[in-house]
Protein chains: 2
Amino acid sequence: MSDPGFACCTPLTGSAMSSEQAEELAALLKALADPVRLRMVSLIASSEAGEACVCDLNEAFDLTQATISHHLKVLHSAGILDREKRGVWVYYAVRPAALSAVANVFSSPALAGASA
Amino acid sequence: MSDPGFACCTPLTGSAMSSEQAEELAALLKALADPVRLRMVSLIASSEAGEACVCDLNEAFDLTQATISHHLKVLHSAGILDREKRGVWVYYAVRPAALSAVANVFSSPALAGASA
DNA sequence: GGATCGTAATGACATCCGTCGATGTGATGA
DNA sequence: TCATCACATCGACGGATGTCATTACGATCC
């Protein structure tokens with residue numbers, strides 16, 4: 001198609017990121033790409049015990065309890081939050097590995113190209 | 001309402017992340033939370049010159065040129081890609097600051113809680 | 001100047017996502 | 001046992017998003 005006989009620009013190294021890896025990372029980012037969920041993770045992570053129960057989050061946001069629960073489920077399903085039921089209350093805690101995985105991807109020289 | 005008379009769990013430190021900051025970061029993450037766009041950024045960043053023209057990306061993905069252009073526009077609008085027209089072709093280059101900003105947020109102790 | 005190529009913009013469509021109200025469920029306490 | 005509390009789930013609605021076909025624009029070449 002069009003076959004100009006020469007490359008229009010420098011060739012890409014090709015390795016880059018596999019489709020599979022991109023889908024995985026995209027799922028993780030999609031779970032984080034929401035202001036409410038971002039603040040949820042931030043709140044939980046910055047809490048003293050590193051965890052928070054749903055009742056606190058319910059008061060921290062101007063949203064319905066159903067919506068809060070929905071967002072927590074999204075974050076839990078993505079592997080970003082751990083869920084633990086203690087007595088009547090349910091506590092959520094951030095899984096540091098998930099967040100550091102994101103940090104690693106975007107601080108890698110292949111993507112950031114800063115240190116190169 | 002309900003006034004239980006005692007906190008059901010440990011209090012949150014409160015500072016965490018502002019709504020404004022959360023919206024900004026969410027916009028950035030939303031632009032990245034797509035497998036195609038993730039691979040685009042990866043391809044561009046891992047190219048020899050750190051940039052790529054649309055024609056290359058057109059061949060790298062099994063998508064319409066219009067869709068490719070759309071994704072590039074999203075990434076450019078989010079401040080992730082720089083756009084430069086040289087002759088007939090348009091070159092896109094990653095803006096390292098945008099990616100390192102994401103890396104910084106998710107490697108900060110307030111969010112990752114790893115070093116605490 | 002006209003034809004052709006590379007890219008962007010537009011409009012349409014299907015699907016996904018955030019939010020809500022209502023309901024369900026399990027544990028606690030009177 | 002029954003009422004209440006904490007949380008999850010369901011169904012629905014409006015808006016955002018990914019994709020395409022088509023059109024428009026600017027640069028290059030003959």
Side-chain angles (χ1 to χ4, degrees), chain A residues 1-9 19 22-23 26-41 44 51-78 81-93, chain B residues 1-9 19 22-23 26-41 44 51-78 81-93:
Chain A
M1 315 39 166
S2 78
D3 184 17
F6 60 95
C8 69
C9 41
S19 303
E23 300 246 7
L28 197 58
L29 291 177
K30 207 186 299 184
L32 289 168
D34 183 279
V36 174
R37 290 199 286 267
L38 228 34
R39 288 181 58 205
M40 279 181 175
V41 173
I44 297 174
E51 61 181 11
C53 76
V54 184
C55 62
D56 277 333
L57 298 169
N58 253 324
E59 295 179 1
F61 297 91
D62 211 24
L63 294 170
T64 311
Q65 179 267 327
T67 301
I68 302 285
S69 187
H70 164 68
H71 284 306
L72 287 171
K73 182 181 182 179
V74 171
L75 288 169
H76 176 60
S77 299
L81 293 184
D82 271 332
R83 183 179 182 277
E84 185 189 355
K85 184 160 190 171
R86 273 211 296 279
V88 188
W89 298 295
V90 175
Y91 289 77
Y92 283 92
Chain B
M1 310 42 163
S2 79
D3 184 18
F6 59 96
C8 70
C9 43
S19 303
E23 300 246 6
L28 197 59
L29 291 177
K30 208 186 296 186
L32 289 168
D34 183 278
V36 173
R37 290 199 286 267
L38 228 33
R39 287 181 59 204
M40 280 182 174
V41 173
I44 297 174
E51 61 181 12
C53 76
V54 185
C55 63
D56 276 334
L57 297 169
N58 253 324
E59 295 179 359
F61 297 91
D62 212 24
L63 294 171
T64 311
Q65 178 268 329
T67 301
I68 302 283
S69 186
H70 163 69
H71 284 306
L72 288 172
K73 183 182 180 179
V74 171
L75 288 169
H76 177 59
S77 299
L81 293 184
D82 271 332
R83 183 178 181 277
E84 185 188 358
K85 184 159 190 173
R86 272 210 298 278
V88 189
W89 297 295
V90 176
Y91 289 77
Y92 283 92

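Convention: sequence-line order gives letters A, B, ...; per-chain numbering from 1.
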task = Kindly indicate whether the side chain of Asp34(A), heavy atoms from C-beta on, has any atom under 4.5 Å from the side chain of Val74(A).
result = no
ask   = Taking protein heavy atoms under 4.0 Å as touching, what does nucleotides 15-30 of chain C look like 5' to 3' if B marks base contact, S marks sugar-phosphate-only contact and - marks none?
value = --SSBBBB-----S--
request  = Would you kindly give the CZ-to-P distance between Arg86(B) and dC5(C), to the nearest whole Å?
outcome  = 23 Å
key: Of the listed nucleotides dA8(D), dA6(D), dA8(C), the one nearest the side chain of Trp89(A)   = dA6(D)
ask   = Taking it one step at a time, do Val36(B) and Thr67(B) satisfy side chain to side chain contact (heavy atoms under 4.5 Å, CB included)?
value = CA-CA 10 Å; Val36(B) 173; Thr67(B) 301; over 6 Å; no
query = Out of curiosity, Leu57(B) CG to Leu63(B) CG, how far, rounded to the nearest 0.5 Å?
reply = 11.0 Å
ask   = In whole angstroms, how far is the C1' atom of dA8(D) from the CG atom of Asn58(A)?
value = 12 Å
inquiry  = Donor-acceptor check, side chain of Arg37(A) to backbone of Ala31(A), threshold 3.5 angstrom: yes or no?
reply    = yes
inquiry  = dA8(C), OP1 or OP2 - any side-chain N/O from Lys73(B) closer than 4.0 Å?
reply    = no
message = Whole angstroms only, please: what is the CD-C1' distance between Glu84(B) and dT7(C)?
response = 15 Å
message = Within the 4.0 Å heavy-atom criterion, would you say Tyr92(B) contacts the bases, only the backbone, or no part of the nucleic acid?
response = sugar-phosphate
message = I want to check one thing: is the phosphate of dA8(D), taken as OP1 and OP2, less than 4.0 Å away from some side-chain N or O of Arg83(A)?
response = yes
query = Does a side-chain heavy-atom distance below 4.5 Å link Asp82(B) with Glu51(B)?
reply = no
inquiry  = Please report the distance, rounded to the nearest Å, between CD in Glu59(A) and C1' in dC5(D).
reply    = 14 Å
message = Distance check needed: dG18(D) P versus Leu72(B) CG, whole Å only.
response = 13 Å
task = Check whether any side-chain heavy atom of Leu72(B) lies under 4.5 Å from a side-chain heavy atom of Ser69(B), and answer yes or no.
result = no
